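For reference, the structure discussed in these notes is given below.
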Amino acid sequence: DLRHPEVKGRRPVGSALVNAYIERLHRASHTRDEVHRAMVEVFSLSRPLPTLLTPSMAVRALVWGGRKS
């Protein structure tokens, strides 16, 4: 919830970076099935969070996640 500016509370150091990364992954998931699948599996607790932090996911976030929908 802390990613929303209207929510009051102290933001942990690095939270803006994490939020930006997840936003890019989300945008990449619109066109990349492997990113979409990984996000669904992590958010449904079928796979661990580090699944989204692998080098291959980071590349996909950087390459495919830059376009705003």
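Here the structure is a predicted model, which means the values were calculated and not measured. All residue numbers in this chain count up from 1 along the given sequence.
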Query - Worked check of side-chain contact (heavy atoms from CB on, under 4.5 Å) between Trp64 and Val35 - result: CA-CA 10 Å; Trp64 298 100; Val35 177; over 6 Å; no
Query raised in the report: Any donor and acceptor pair, going by atom type alone, linking the side chain of Arg24 with main-chain N or O of Leu62 inside 3.5 Å?
Result: yes
Query raised in the report: Within the side chain of Ser44, is there an N or O that forms a donor-acceptor pair under 3.5 Å with the backbone of Val40?
Result: yes
Query raised in the report: With distance as the sole test, does Arg60 use its side chain to make a donor-acceptor pair with the main-chain N or O of Ser56 at under 3.5 Å?
Result: yes
Report task. Determine the minimum heavy-atom distance between Leu49 and Val42, stating which atoms define it. Result -> CA-CG1, 3.9 Å
Report summary line: CD of Glu41 to NE2 of His36, rounded to nearest 0.5 Å, is 9.5 Å
Requested in this report: Could you tell me the separation between the CZ atom of Arg37 and the CZ atom of Arg32, rounded to the nearest 0.5 Å?
Outcome: 11.0 Å
Report task. Would you check if the side chain of Arg11 reaches a backbone N or O of Gly9 as a donor-acceptor pair within less than 3.5 Å? Result -> yes
Query raised in the report: In terms of hydrophobic clustering (I, L, V, M, F, W, Y; side-chain heavy atoms under 4.5 Å; direct or indirect links), are Leu53 and Val18 co-clustered?
Result: yes
Requested in this report: Could you tell me the separation between the CZ atom of Arg47 and the CG atom of Leu52, rounded to the nearest 0.5 Å?
Outcome: 8.5 Å
Report task. Supply the atom-to-atom distance Ile22 CD1 to Ser15 OG, rounded to the nearest 0.5 angstrom. Result -> 12.5 Å
Requested in this report: Starting from the C-alpha separation in whole Å, work towards a yes-or-no answer on side-chain contact (heavy atoms from CB on, under 4.5 Å) for Tyr21 and Met57.
Outcome: CA-CA 10 Å; Tyr21 178 71; Met57 280 292 149; 3.8 Å; yes
